[in-house]
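Each remark here refers to the structure printed beneath this line.
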Amino acid sequence: MDIRRSSSRFVEREPGRRTQHGLSFGAHYDPDWLSFGPMVCHDDHLLGSGRGFDEHPHADLEIVTFVQSGALVHTDSLGTAAELGAGELAVLSAGAGVRHSEVAAGTGPTRFVQVWLRPDEPGMSPSYRRGSTGAARPGAGLVPVAGDGTDLPIGVAGASYAVARLAANETLTLPAAYRVHAYVASGALLRSSLAQPLSAGDAFCFVDEPARDVTAGVPTELLVWSFAASEPHAQSQGD
């Protein structure tokens, strides 16, 4: 088990944008945090109105975007023009190649969490699909929103993305899987046998651990990735 604290994430600032990188990215290099299984990027972005990322290319990545607050305007070379509101998510399968842009809507600042995964099969046809996390509410537990067993597939076998929205003092059981990445998007987890309290921006990174219970200290939103044992990807944190 590792804990990736918000204070240890790499911070990048530009006019109208602040990004916290959970894994090595660009000039921010840490050999111990190159990837986490197929996950090669875990970014938390805050954009000012109308700010963001102009059109740029990607290939052979599964790009999963969850809007935590505000609204994000996405356009791409597939002809997509979509606005994702708070609580919505999308999967852009870059495949053989795609260009896209991401800009905060003009109604106010936007915060979104984006994860890049290496797909099992390179060179596939690109696609864009969107979904909702509306079923995740206090008392509902961990709600799968993308990946295995959902209507929003990801090109990584054994990958599951789930969201939990917990009331204060609500306890959640994180799944048993070969790898689990549990990110506190908002709120806080109480001190437990695992760790001192976790705050917004902190993450648990489990490798080959059993199911674990966590308890929210205040209303809390958790974004949880789990990955099966089969990993045809590069060696990464925890190996």
Side-chain angles (χ1 to χ4, degrees), residues 1-4 22-23 35-44 60-68 84 87-95 112-121 124 127-166 170-187 189 194 198 202-214 216 220-234 236-239:
M1 183 194 77
D2 281 295
I3 299 173
R4 188 68 161 159
L23 298 170
S35 60
F36 187 73
M39 183 188 293
V40 295
C41 170
H42 188 289
D43 284 352
D44 193 326
D60 291 330
L61 286 174
E62 300 291 292
I63 301 172
V64 184
T65 301
F66 167 74
V67 178
Q68 206 272 336
L84 294 176
E88 292 188 286
L89 72 154
V91 177
L92 174 63
S93 297
F112 67 99
V113 177
Q114 189 171 89
V115 171
W116 298 0
L117 307 173
R118 290 293 184 193
D120 294 334
E121 298 292 334
M124 302 295 285
S127 64
Y128 180 83
R129 301 171 299 278
R130 59 191 296 179
S132 171
T133 66
R137 56 179 62 91
L142 197 59
V143 177
V145 294
D148 286 7
T150 75
D151 295 330
L152 195 61
I154 297 171
V156 180
S160 177
Y161 191 30
V163 175
R165 295 189 175 104
L166 308 177
E170 183 177 346
T171 296
L172 175 77
T173 300
L174 297 174
Y178 183 60
R179 291 185 186 275
V180 173
H181 185 282
Y183 183 66
V184 183
S186 64
L189 299 178
L194 297 173
L198 266 67
D202 295 343
F204 278 123
C205 301
F206 297 122
V207 178
D208 202 19
E209 287 287 306
R212 299 287 194 179
D213 287 347
V214 295
T220 296
E221 186 169 62
L222 291 179
L223 310 181
V224 180
W225 282 94
S226 58
F227 301 106
S230 177
E231 292 187 5
H233 304 278
S236 58
Q237 173 70 14
D239 290 328

### Task
Dump the intermediate steps for side-chain hydrogen bond (donor to acceptor under 3.5 Å, both in side chains) on Glu88 and Ser132, then the final yes or no.
CA-CA 4 Å; Glu88 292 188 286; Ser132 171; over 6 Å; no
Spatial distance of atom [atom1] ([X]) from atom [atom2] ([Y]) [nearest 0.5 Å]:
| X | Y | atom1 | atom2 | result |
| --- | --- | --- | --- | --- |
| Asp202 | Leu189 | CG | CG | 8.5 Å |
| Arg165 | Glu221 | CZ | CD | 4.5 Å |
| Cys205 | His181 | SG | NE2 | 4.0 Å |
| Tyr128 | Ser93 | OH | OG | 11.5 Å |
| Gln114 | Cys41 | CD | SG | 6.5 Å |
| Ser127 | Leu92 | OG | CG | 7.5 Å |

### Query
Can the positive tip of Arg179 be found less than 6.0 Å from the middle of the six-membered ring of Phe36, inside 45° of the ring normal?
yes
Please examine the side chains of [Y] and [X], heavy atoms only from C-beta on, and report whether any two atoms are closer than 4.5 Å.
| X | Y | answer |
| --- | --- | --- |
| Leu23 | Met39 | yes |
| Val156 | Pro38 | yes |
| Val184 | Thr220 | yes |
| Leu89 | Thr133 | yes |
| Phe204 | Val180 | no |
| Leu172 | Leu142 | yes |
| Asp148 | Thr150 | no |
| Leu222 | Val214 | yes |

### Task
Might you work through the side chain to side chain contact (heavy atoms under 4.5 Å, CB included) test for Thr65 and Val91, ending with a clear yes or no?
CA-CA 7 Å; Thr65 301; Val91 177; over 6 Å; no
### Message
Once salt bridge (charged side-chain N to carboxylate O under 4.0 Å, His left out) is applied, do any residues pair with Arg212, and if so which ones, sequence neighbours excluded?
### Response
Glu209
At their closest point, which heavy atom of [X] faces which heavy atom of [Y], and how far apart are they?
| X | Y | result |
| --- | --- | --- |
| Gly155 | Glu62 | N-OE1, 2.9 Å |
| Leu152 | Gly131 | CD2-N, 4.1 Å |
| Ser226 | Pro175 | CB-CG, 4.3 Å |

### Query
What ring-ring contact (aromatic ring centres under 6.0 Å, His included) pairs are there with at least one residue in residues 130-162, not counting sequence neighbours?
Tyr161-Trp225
### Query
Which is it for Leu117 and Ile154 under the side chain to side chain contact (heavy atoms under 4.5 Å, CB included) test, yes or no, and what are the steps along the way?
CA-CA 9 Å; Leu117 307 173; Ile154 297 171; 3.8 Å; yes
### Message
Does either side chain, that of Arg118 or that of Ser35, offer a donor lying less than 3.5 Å from an acceptor on the other one?
### Response
no
### Asp120 side-chain N/O to Ala157 backbone N/O, donor-acceptor pair under 3.5 Å
yes
### Task
In sequence, state the C-alpha distance, the side-chain angles, and the governing distance for Thr171 and Asp213, and then conclude on side-chain hydrogen bond (donor to acceptor under 3.5 Å, both in side chains).
CA-CA 7 Å; Thr171 296; Asp213 287 347; over 6 Å; no
### Query
Between His42 and Tyr183, is a ring pair (Phe, Tyr, Trp, His ring centres under 6.0 Å) present by the stated rule, with each step listed?
CA-CA 10 Å; His42 188 289; Tyr183 183 66; 4.7 Å; yes
